[in-house]
J.: 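Pasting a structure below so you can have a look.
Everything quoted here is computed from the prediction, not taken from an experiment.
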Protein chains: 2
Amino acid sequence: MSASPSPAGPRPYHHGNLKKALVEAGLALLEERGLGGLSLREIAARVGVSHTAPKNHFGNLKGLLTAIAAEGFRRHAAALEAGLKPADGPVERLHAAAEGYIRFARENPALFRLMFSADLCDFEDPDRSAAAAASYAILARLAGSLAPGNADAGERQTRMETLLWSIVHGYATLANEGQLATGPEGAQLHGIADLFRHWPRFV
Amino acid sequence: MSASPSPAGPRPYHHGNLKKALVEAGLALLEERGLGGLSLREIAARVGVSHTAPKNHFGNLKGLLTAIAAEGFRRHAAALEAGLKPADGPVERLHAAAEGYIRFARENPALFRLMFSADLCDFEDPDRSAAAAASYAILARLAGSLAPGNADAGERQTRMETLLWSIVHGYATLANEGQLATGPEGAQLHGIADLFRHWPRFV
DNA sequence: AGTTGAAAATTTACATTGGAAACATGAGTG
DNA sequence: CACTCATGTTTCCAATGTAAATTTTCAACT
């Protein structure tokens, strides 16, 4: 399609842009085999380059994984905003974002874990940091829409964000690790979502 | 002590009981170098045996890590019950357990992550499962003490447990990954803990 | 144009890891 | 005492990430 401007040549000179190809291959491999079955050599092999080629673009494995995580956060932010209808009230919007958070984690378990693993990716990387901050800002803004703007609004706002984030992140993490496998699919999530409706009374 | 009957000999015949020694060495190494710097060979070297010796007791690395995780859950349960005073009311006891949960995770970040990692340890292992269930039961019991025993008490109880677990687990996870590093140490935790006091109004 | 230089990839080599197989040792039992 | 079997060791192997040296390719410049 429109990804490569000239689809005529079977293979570009060096590769075109290996950077994006490696990230996409990593994302695909992550989805197929999970975090454990992921290796630098295999990502490179899937793209068709030698296993040392990524070094030029990402330095080392951690750099490549960090780039994958950054792309993950961009998709994560999109998932958060997916069901966000402007006409809805604050509670409904928060509800939708929380569901988006958890759905994304459930549909991309390996990527989700990578995104939040300080061992596997570099949290100092500006690209990943910016993407993560943008994703967090969506949740924070919705949390802020529920907290009344009083005197100590700042502190309360921070608590509100942290609590909301802890709930959705904790639920997503536990579900992904298979710890919440009770009852039919989504029933638990629905129960949690119901609780969100009582949110304002909780503050 | 009763660990080694005769402390005179420099080294026992085969080793005494290597099983416990490997688990303890693994726990120590986990605390020193984290999850990344952990290897079967290094654990074995610390105990003073060859790197294939653990195979006889644990099968493979996953088996050893699972045993370490099981021991971690036993300590985790102890941490949950540490500040649990029988004289306190349900809310105070829940508060104390939640603090214990998060404190344990913060003081043993690598072990905490290992305990909940389906990649690194075997969730089917009976020993680990039992220890994890015992730890969870403490939280569940406290959550149940807050939920009124009505008609659909079962479902509500489950939701309550899940929500409580999600909060403490999510907070612990995010804090361990360095995502909540704002303000002075423990301030965030205190804020979260305050919210627990309003718990009954949330149900 | 032709040359030069840097970016991009490859080849080769190496240290580390987990695991498998064959072998050695020693304790406990008949 | 002899046998057996659990417990460890030695040796070997495949896979992984990384570094260094080398080659290829494109772009810019005179």
J.: Over how many whole Å does the gap from B:His57 atom NE2 to D:dC5 atom C1' extend?
T.: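 These atoms are roughly 14 Å apart.
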J.: Return a single string for nucleotides 10-15 of chain D, one symbol per nucleotide in 5' to 3' order, where B is base contact, S is sugar-phosphate-only contact and - is none, cutoff 4.0 angstrom on heavy atoms.
T.: BB----
J.: Just compare C:dA20, C:dA9, D:dG17 and give me whichever is closest to any side-chain atom of B:Lys55.
T.: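 The answer is C:dA20.
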J.: Could you check how far CG of A:Leu40 sits from P of C:dT17, rounded to whole Å?
T.: 18 Å
J.: Look at the side chain of A:Asn60 and decide which nucleotide, out of D:dT18, C:dT10, C:dG19, has an atom nearest to it.
T.: D:dT18
J.: My understanding is that only one of B:Leu61, B:Leu64, B:Thr66 makes a side chain to side chain contact (heavy atoms under 4.5 Å, CB included) with B:Cys121; could you say which?
T.: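 The residue from B:Leu61, B:Leu64, B:Thr66 that satisfies side chain to side chain contact (heavy atoms under 4.5 Å, CB included) with B:Cys121 turns out to be B:Thr66.
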J.: Atom NZ of A:Lys62 and atom C1' of D:dT18: how far apart are they, to the nearest Å?
T.: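 So the two atoms are 15 Å apart, to the nearest Å.
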J.: Using whole Å, what does the distance between atom C1' of nucleotide C:dT17 and atom CG of B:Leu29 come to?
T.: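 Atom CG in B:Leu29 sits about 14 Å away from atom C1' in C:dT17.
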J.: Going by side chain to side chain donor-acceptor pair (under 3.5 Å), name the residues that satisfy it together with B:Arg93, two or more places apart in sequence or in a different chain.
T.: none
J.: Would you mind reporting whether B:Leu18 and B:Asn56 have side-chain heavy atoms less than 4.5 Å apart?
T.: no
J.: With sequence neighbours excluded, tell me which residues meet side chain to side chain donor-acceptor pair (under 3.5 Å) with B:Ser39.
T.: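 With neighbours one apart ignored, the set is empty.
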J.: Take the protein atom CD1 of B:Ile43 and the nucleotide atom C1' of C:dG18, then report the distance between them rounded to whole Å.
T.: 12 Å
J.: Enumerate the residues from residues 116-125 of chain B whose closest heavy atom to DNA chain D is under 4.0 Å, giving them by residue number; use none for an empty result.
T.: none
J.: With the side chain counted from C-beta on, respond yes when A:Leu27 and A:Arg75 share a heavy-atom pair under 4.5 Å apart, and no when they do not.
T.: yes
J.: Look at the side chain of B:Asn56 and the base of D:dA6, then say whether one donor and one acceptor between them are separated by less than 3.5 Å.
T.: no
J.: How long is the gap from CD1 on A:Ile167 to OG1 on B:Thr162, to the nearest 0.5 Å?
T.: 12.0 Å
J.: Please tell me which of A:Leu18 and B:Gly59 maps to the more 5' nucleotide of DNA chain C, matching each residue to the nucleotide holding its nearest heavy atom.
T.: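 The residue mapped nearer the 5' terminus is A:Leu18.
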J.: Do A:Arg106 and A:Arg103 come within less than 4.5 Å of each other through their side chains, counting heavy atoms only?
T.: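 SC-SC contact between A:Arg106 and A:Arg103 ruled out.
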J.: Give the rounded distance in Å between these two atoms: CG of B:Leu22 and C1' of D:dG8.
T.: 12 Å
J.: By side chain to side chain contact (heavy atoms under 4.5 Å, CB included), which residues pair with A:Phe73, not counting sequence neighbours?
T.: A:His76, A:Met115, A:Phe116, A:Arg128, A:Ala131, A:Ala132, A:Ser135
J.: More than 12 non-hydrogen atoms from neighbouring residues, nucleotides or ligands closer than 6.0 Å to NZ on B:Lys62, yes or no?
T.: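 Enclosed: over 12 neighbouring heavy atoms sit under 6.0 Å from NZ of B:Lys62.
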J.: Rounded to whole Å, how long is the line connecting atom NZ of A:Lys19 with atom P of C:dA7?
T.: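 Atom-to-atom, A:Lys19 to C:dA7, this comes out as 13 Å.
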J.: What bend angle does the helix from C:dA1-D:dT30 to C:dG30-D:dC1 show across its length, from five-pair end axes and to the nearest 10 degrees?
T.: 10°
J.: Does B:Lys85 come within less than 4.0 Å of B:Glu92, counting only side-chain N to carboxylate O?
T.: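 No, this pair does not count.
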J.: So how far is it from B:Thr173 OG1 to A:Leu174 CG, rounded to the nearest 0.5 Å?
T.: 7.0 Å
J.: Output the rounded distance in Å from CG (B:Leu61) to C1' (C:dT16).
T.: 14 Å
J.: Could you tell me whether the side chain of A:Phe58 reaches within less than 4.5 Å of the side chain of A:Leu65, counting heavy atoms only?
T.: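 Result no, sub-4.5 Å side-chain heavy-atom pair not found.
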